[in-house]
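Atoms within each ligand, like the ligands themselves, are counted from 1 in listed order.
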Amino acid sequence: MIKKIDLENHFYDISSVEALQARKEGDYPYWVKDTNTIHWVEGVSMCQDKFYFELLDFAEKRLKTMDELGIEKSVISLAPGIDYLPPAESIPACQKANEALYKVTQQFPGRFLGSAILPILDVEAAVKELEHCVKDYGFVMWQTHSNYGPNIDPDNEQFRPVWRKVAELGIFAYLHPTVSHQPKFNQYGYAMAAPGLGFTIDTMASIIRMILSGIFDEIPDLKVVLGHFGEALPFLMERMENRFSWLPNPKQKNKKKIGDYWGTNIFVTTSGNTSIPAFECTRSAIGIDSIMLGTDYPFEHMEECIAYLESCPMTEEEKEKVYYKNAAKLGLTL
Ligand code: GRE
Ligand code: ZN
């Protein structure tokens, strides 16, 4: 069995649950303890029953499943997080979650790699916490989200110091989807708002905004990973590129084409998609060298993800790249 590194594997620390439960009803996001439900934005809520145990567990189920599937290492991240709560709440909540995750990485040496969650609305505190997580805890990634509130997006100039610090520390960021603030996606509740569509479109828009803002030209060493086979970009980028270059647009700061950032600045994982046509489109659009394993556990099953990848039309050499060799580009080795 080929050994594997999983780049998208989620957890909650009980302190993060408590931070969300401490919030008032109507003060989004908040968690109602009696119903075990997170309310993300108006009209969009998600009962946690199905995932609650798995998010909090490491030893009992997660590690056993990893062993069965040859997943040697998993990068563990908190999602969707507590990172864009008001700083008075997010600073202590992120510190507690990072500390708890550090303890897990120490308890199971070599099996779990840490990902920092940062109080992003206080940029100075976020930079400080990131340095602490990388230098003192040995974390390998920043888990960030596709937006930090209505009209607060990762490409906004105010967040540049955090992105610069990511590159300076030699780690990478995972641009993880979260709920959109557009009523258009949310008025039909969780189904359309959530990972199937609303999350995807929000994340696709955010990475495109980052590219257009020129962030990858300003910070050439910046590495960002997208889940879900690139949030539909492999399918759409040729058309986007075509229309982006249609008329001169001084707001567009990127020096290269969208497709030229794959493999140096932008990578994708396999998370949450079990479509063979989607795999084939992604491979032919961006190349096998930019695709890495992500299971999205526990929101998806690790077993299903690996069974699906085993069924994809790949050579053994391609499987080795997806399962672990490509992760070396992000500094992760078995
Ligand atoms: C995910 O990571 O895919 C996810 C979340 C939260 C809710 C549903 C979901 O982070 O699929
Ligand atoms: Zn996820």
Side-chain angles (χ1 to χ4, degrees), residues 5-13 16-17 19-20 28-32 35-41 43-57 62 65 71 74-85 93-94 97 101 112-117 120 141-148 154 172-181 185-186 188-204 206-207 224-232 267-275 278 292-305 308:
I5 302 175
D6 178 4
L7 272 77
E8 189 176 339
N9 197 306
H10 301 306
F11 87 113
Y12 273 145
D13 182 57
S16 317
V17 173
L20 290 168
Y28 297 100
Y30 63 94
W31 184 318
V32 178
T35 55
N36 211 12
T37 296
I38 301 187
H39 297 262
W40 294 118
V41 291
V44 184
S45 55
M46 184 185 166
C47 181
Q48 295 291 297
D49 272 350
K50 194 162 169 272
F51 308 111
Y52 191 63
F53 163 76
E54 290 165 328
L55 281 160
L56 290 164
D57 163 74
R62 192 185 309 246
T65 311
I71 301 177
S74 291
V75 183
I76 302 292
S77 52
L78 194 95
I82 42 177
D83 45 351
Y84 42 90
L85 299 181
C94 290
L101 182 53
F112 298 117
L113 302 172
S115 174
I117 191 87
I120 190 63
M141 177 181 119
W142 172 33
Q143 164 80 357
T144 192
H145 288 102
S146 55
N147 73 72
Y148 311 138
F172 62 99
Y174 204 104
L175 189 67
H176 191 274
T178 192
V179 72
S180 159
H181 293 272
F185 297 118
N186 300 344
Y188 287 87
Y190 188 74
M192 184 172 164
L197 188 70
F199 276 38
T200 305
I201 295 180
D202 198 66
T203 312
M204 191 202 311
S206 293
I207 190 75
V224 175
V225 179
L226 300 170
H228 317 100
F229 282 142
E231 313 290 359
F267 304 83
V268 310
T269 73
T270 61
S271 60
N273 195 321
T274 51
S275 153
M292 300 166 190
L293 173 66
T295 67
D296 219 349
Y297 178 81
F299 299 110
E300 307 282 348
H301 300 283
M302 288 188 246
E303 297 91 331
E304 266 175 33
C305 174
Y308 156 70

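- Under 3.5 Å, the side chains of Tyr297 and Thr65 contain no donor-acceptor pair of N or O atoms.
- Here the heavy atom of the protein found nearest to atom 11 (O) of ligand 1 is Pro195 CG, 3.1 Å.
- Our summary of the site lists the angle at the Zn ion (ligand 2) between OD1 of Asp296 and NE2 of His176 as 180°, to the nearest 10 degrees.
- The aromatic rings of Tyr30 and His39 lie parallel to each other, with less than 30° between the two planes, well short of the 60° mark.
- Shown in contact with Met46 at under 4.0 Å from a heavy atom are these atoms of ligand 1, numbered in order with element: 7 (C), 8 (C).
- Taking atom 8 (C) of ligand 1 as the reference point, the nearest protein heavy-atom neighbour is Tyr190 OH, 3.2 Å.
- The nearest heavy-atom contact from the protein to atom 3 (O) of ligand 1 is Asp296 OD2, 2.9 Å.
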Asn186 and Trp40: CA distance, side-chain angles, deciding distance, side chain to side chain donor-acceptor pair (under 3.5 Å) verdict: CA-CA 10 Å; Asn186 300 344; Trp40 294 118; over 6 Å; no
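- A donor and an acceptor atom, one from each side chain of His228 and Asp296, are located under 3.5 Å apart.
- Distances below 4.0 Å separate heavy atoms of Ala79 from the following atoms of ligand 1: 10 (O).
- Within 6.0 Å of CZ on Phe53 lie more than 12 heavy atoms contributed by other residues, nucleotides or ligands.
- Taking the six-membered ring where tryptophan is involved, the planes of His176 and His10 are perpendicular, since the angle between them exceeds 60° and thus also 30°.
- Taking each heavy atom of Leu55 and Arg62 in turn, the nearest pair found is O-NH2, 3.3 Å.
- Distances from the Zn ion (ligand 2) to each N, O or S atom of His10 single out NE2 as the nearest.
- Every atom of ligand 1 with a heavy atom of His10 under 4.0 Å away is listed here by number and element: 2 (O).
- Looking only at protein heavy atoms, the nearest one to atom 6 (C) of ligand 1 is Pro80 CD, 3.1 Å.
- Atom 1 (C) of ligand 1 has its closest protein heavy atom at Phe299 CD1, 3.3 Å.
- Of all atoms in ligand 1, numbered sequentially from 1 with element shown, those under 4.0 Å from a heavy atom of His176 are 1 (C), 2 (O), 10 (O).
- Checking Ser271 against Glu8 by side-chain atom types alone, a donor-acceptor pair falls below 3.5 Å.
- Restricting Glu8 to its N/O/S atoms, the shortest distance to the Zn ion (ligand 2) is reached by OE2.
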